[in-house]
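Counting begins at 1 with the first residue of the sequence.
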Amino acid sequence: MKISQDIAALSEQVNIIAVSKTFSPEAIAPVLAAGHRVFGENRVQEVAEKWPDLKASYPDVELHLIGALQSNKAAQAVALFDVIHSLDRIKLARVLAAEMKQQNRQLKILVQVNTGKEDQKSGIPPEETEEFVRTCRAELGLNIDGLMCLPPQQDVAGPHFALLQKLSQQCDAPLLSMGMSGDYEEAIKFGATHIRLGTAIFGPRTQKL
């Protein structure tokens with residue numbers, strides 16, 4: 001599998017996270033061979049199983065955790081990942097701050113914002129985001145580098161991206177993780193710095209999480 005010319009050109013405008021969750025090392029290897037180095041995964045255990053050998057061959061790989069993180073998996077996450085996109089509660093913020101200090105690793109951290117206020121979805125409510133970021137920085141000494149969102153599937157994505165962009169400016173958190181294979185062009189219009197592409201790079205996903 002090769003990265004298309006369109007996607008390769010897109011990487012000059014924005015950071016592309018190749019969403020490799022559920023894909024095997026054999027499926028990931030051609031993307032690595034094509035020169036891509038930034039990958040997104042949902043689960044700590046899956047990364048622990050499939051990425052050590054790949055990283056041995058490609059030590060400059062950057063791994064992004066784009067799925068929910070349980071507090072009891074935080075130590076592993078800090079050890080395995082370079083960027084966490086899904087900080088969504090103060091308890092997890094405390095654990096991550098302690099683990100990064102303990103392991104002497106400084107990861108980039110993004111706060112997940114529940115822009116649609118969906119009951120079933122994780123994330124900080126938009127109206128609480130500024131205060132949450134301020135608390136993480138002032139009380140925990142945690143660097144908050146940006147924000148992430150997953151708009152409701154039934155909604156037009158643009159207003160959610162616009163809201164996240166506004167919150168990013170208010171929080172002085174410049175990294176914006178938003179946009180996937182179906183809406184990344186819209187996300188880029190609203191200042192996305194990181195887009196998450198799975199199907200566009202790997203093709204249809206046949207295995208469910």
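The list of salt bridge (charged side-chain N to carboxylate O under 4.0 Å, His left out) pairs with a residue in residues 57-66, not counting sequence neighbours, reads R37-D60. Applying the salt bridge (charged side-chain N to carboxylate O under 4.0 Å, His left out) test to every pair with at least one member in residues 75-101, sequence neighbours left out, gives these pairs: D82-R105. Sequence neighbours left out, the pairs with a member in residues 119-136 that pass salt bridge (charged side-chain N to carboxylate O under 4.0 Å, His left out) are K117-E127, E118-K121, E131-R134. Judged as a ring-ring contact (aromatic ring centres under 6.0 Å, His included), the pairs with a partner in residues 54-100 (not counting sequence neighbours) are, in order, H64-H85, H64-H194. Pairs passing the salt bridge (charged side-chain N to carboxylate O under 4.0 Å, His left out) check and including a residue from residues 149-178, sequence neighbours excluded, do not occur. Sorted by first and then second residue, the ring-ring contact (aromatic ring centres under 6.0 Å, His included) pairs with a member in residues 86-128 form an empty list; sequence neighbours excluded.
Cluster partners of V156: none. The rule joins Ile, Leu, Val, Met, Phe, Trp and Tyr whenever side-chain heavy atoms lie under 4.5 Å apart, and it links nothing here. Side-chain contacts under 4.5 Å among hydrophobic residues (ILVMFWY), followed directly or transitively, place I17 together with V38.
Contact check for N42 versus T22: no side-chain heavy atoms found under the 4.5 Å cut-off. Using a 4.5 Å heavy-atom cutoff, the side chains of L69 and I84 are in contact. A 4.5 Å side-chain heavy-atom check between L87 and F132 finds at least one atom pair inside the cut-off. L54 is not listed as a side-chain neighbour of V61, based on a closest heavy-atom distance of 4.5 Å or more.
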Show me the donor-acceptor pairs, under 3.5 Å and distance only, between side chains in residues 142-154 and residues at least two apart or in other chains.
| from | atom 1 | to | atom 2 | distance (Å) |
| --- | --- | --- | --- | --- |
| D145 | OD2 | I109 | N | 3.1 |

Run the side-chain donor-acceptor check on residues 179-187: report pairs under 3.5 Å with partners two or more places apart or on a different chain.
| from | atom 1 | to | atom 2 | distance (Å) |
| --- | --- | --- | --- | --- |
| S181 | OG | G198 | N | 3.4 |
| S181 | OG | A200 | N | 3.2 |
| D183 | OD1 | M180 | N | 2.6 |

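Remark: L107 CG to M100 CE distance equals 6.0 Å, nearest 0.5 Å. In this structure, the separation between CG on N114 and OG1 on T129 is 9.5 Å, given to the nearest 0.5 Å. A distance of 6.5 Å separates CD of Q165 from CG of L176, quoted to the nearest 0.5 Å.
Side chains of E49 and Q45: a donor-acceptor N/O pair is present below 3.5 angstrom, by distance only.
Across G203 and F23, no two heavy atoms sit closer than the pair O-CZ, 3.8 Å. Contact record, M178 with F190: CE-O, 3.3 Å, taken as the closest heavy-atom pair.
A donor-acceptor distance shorter than 3.5 angstrom exists from the side chain of S24 to the backbone of A27, with no hydrogens or angles considered. At distances below 3.5 Å, at least one donor-acceptor pair connects side-chain atoms of R196 with backbone N or O atoms of S177. A distance-only check finds no donor-acceptor pair linking the side chain of S86 to the backbone of I66 [under 3.5 Å].
Residues that satisfy the ring-ring contact (aromatic ring centres under 6.0 Å, His included) test with F39, not counting sequence neighbours, are H36, W51. By the side chain to side chain donor-acceptor pair (under 3.5 Å) test, S168 pairs with no residue at all, sequence neighbours left out.
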